[in-house]
Amino acid sequence: MSPHVKPPRLWAMLPLAALLALVALFAFALRHDPRALPSALIGHPAPAFAAPSLQDPSSLLHSRSLHGRPWVLHVWASWCDTCQAEHAVVRKLAQGPLPVYGLNYKDASSDALAWLQRMGDPYRRSVADPHGRIGMDYGVYGVPETFVIDRHGRVRYRHAGPLTEALLDAKLRPLMAELAQGG
Amino acid sequence: MTPMIQHLAIFMLLFAGHALAGSPGDRAHRLATELRCPVCQNQTLADSNADLARDLKDEIHQQVAQGRSDEEIRRFMVQRYGDFVLYEPPLRAGTVLLWAGPFLLLGVGAAAGAWHIARARRASSMGGTLQERRT
């Protein structure tokens with residue numbers, strides 16, 4: 001090593017590099033919603049249920065009977081204000097290629113029926129989950145929630161919280177089209 | 001070992017087992033303190049009064065009463081709400097860095113420190129003139 005040439009002090013740049021790495025990490029974290037839980041169910045079989053129909057409690061809907069066709073499960077309640085705000089988007093969802101089934105979560109049937117009457121009923125069929133047992137199996141931690149289930153009965157998509165037009169266009173429409181075509 | 005001590009040892013083991021297991025209510029409560037509430041995410045199920053937390057606590061009590069093991073109850077929760085509900089994440093490919101990270105950092109720090117000390121020693125043993133050229 002010549003006494004006249006100082007090798008660059010690379011390690012002196014280390015704090016700067018560490019700072020930049022931290023900034024990058026924070027920038028990433030700011031875009032990420034820490035409250036949104038990754039669904040444990042994606043790619044797994046949708047939990048089976050047999051639940052009484054909201055309109056006719058003597059008739060049970062077995063989730064098994066939906067096997068072989070893709071479908072959407074939308075979790076809602078009449079006490080949920082967000083569901084009311086979301087309702088227009090759910091109606092559009094129901095105009096899509098997949099049947100949308102409603103899961104009426106921890107609700108009184110009379111309230112739920114009055115709500116559907118007032119707001120319009122977009123569902124192929126709504127089933128009652130008055131004690132939230134089915135919701136628990138689906139890992140529901142708030143209403144509204146939306147699950148897309150494929151023809152093999154596997155959960156392909158889950159959204160916790162209100163649906164938006166943007167989400168419908170970006171995620172749900174492409175996925176529903178793919179599943180409707182046998183994907 | 002004399003029979004007396006043997007008996008005492010067995011008795012103590014049995015007692016220890018009993019003390020660890022506690023009453024079913026204690027076990028359910030302990031499980032609830034180890035699980036995170038999915039709605040109010042900074043609270044344990046035990047601390048939370050959220051509607052869902054109460055349902056899940058009831059569920060834990062029922063499963064304890066049915067004789068399910070801690071592991072089975074934890075699995076029930078993880079299947080539904082994900083690893084998130086465990087305050088202590090399981091060790092697997094995606095969480096290796098989480099578990100090994102602190103030790104890795106400690107290792108890097110120790111290596112850097114050792115290197116620094118070794119260099120300072122070498123420099124001082126070579127005398128002051130070289131010290132000035134040190135990079």
Side-chain angles (χ1 to χ4, degrees), chain A residues 1-15 17-18 21-22 25 32-49 73 75 77 79-80 82 105-107 129-145 147 154-155 158 160-161, chain B residues 35-45 48 50-63 73-87 89-90 92 94-95 97-98 101 105 108-109 111-113 115-116 119-120 122-123 126-127 129-135:
Chain A
M1 199 193 296
S2 154
H4 303 293
V5 183
K6 264 189 166 183
R9 295 174 141 196
L10 264 180
W11 57 266
M13 304 289 279
L14 209 63
L22 212 59
L25 182 72
H32 171 85
D33 178 9
R35 292 188 64 88
L37 303 190
S39 178
L41 275 179
I42 301 287
H44 291 280
F49 62 81
L73 184 72
V75 187
W79 46 262
C80 149
T82 321
Y105 180 74
K106 300 187 90 169
D107 209 349
D129 184 22
H131 305 294
R133 280 298 327 182
I134 301 169
M136 193 183 281
D137 282 345
Y138 276 80
V140 169
Y141 62 93
V143 260
E145 287 201 20
F147 296 83
R154 276 194 299 262
V155 177
R158 181 255 188 108
Chain B
L35 293 163
R36 193 198 302 256
C37 168
V39 196
C40 29
Q41 299 183 354
N42 291 320
Q43 282 184 308
T44 66
L45 281 182
S48 174
D51 212 32
L52 180 65
R54 262 180 282 148
D55 289 353
L56 290 173
K57 275 184 278 191
D58 288 346
E59 183 65 30
I60 293 175
H61 275 281
Q62 275 175 33
Q63 294 200 9
I73 296 173
R74 270 189 222 110
R75 207 179 310 132
F76 175 92
M77 295 295 167
V78 169
Q79 263 171 9
R80 283 156 184 77
Y81 303 99
D83 287 344
F84 172 85
V85 294
L86 303 174
Y87 273 101
R92 63 167 77 118
T95 59
L97 202 60
L98 200 61
L105 282 178
V108 168
W115 177 71
H116 201 79
R119 213 178 49 154
R122 204 164 50 233
M126 283 185 207
T129 48
L130 272 174
Q131 181 104 33
E132 279 158 28
R133 283 211 323 246
R134 216 182 71 192
T135 54

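In this text the structure is predicted, and so the values were computed from the model without any measurement. The sequence lines fix the lettering, A, B, ..., with proteins before strands; numbering per chain opens at 1.
- Within a 6.0 Å sphere centred on CG of B:Leu97, other residues, nucleotides and ligands contribute 12 heavy atoms or fewer.
- Taken from CG in B:Asp58 to NE2 in A:His131, the straight-line distance is 12.0 Å, to the nearest 0.5 Å.
- In this structure, the portion of B:Val78 lying under 4.5 Å from any heavy atom of chain A is its backbone and not its side chain.
- When all heavy atoms are compared, the tightest approach of A:Ala40 to B:Tyr81 is CB-C, 4.3 Å.
- To the nearest 0.5 angstrom, A:Met136 atom CE is 6.5 Å from B:Leu52 atom CG.
- By the ring pair (Phe, Tyr, Trp, His ring centres under 6.0 Å) test, A:Tyr105 pairs with no residue at all, sequence neighbours left out.
- A search for side-chain hydrogen bond (donor to acceptor under 3.5 Å, both in side chains) contacts involving B:Arg36 returns nothing, not counting sequence neighbours.
- With a threshold of 4.5 angstrom between heavy atoms, A:His44 does not approach chain B through any atom at all.
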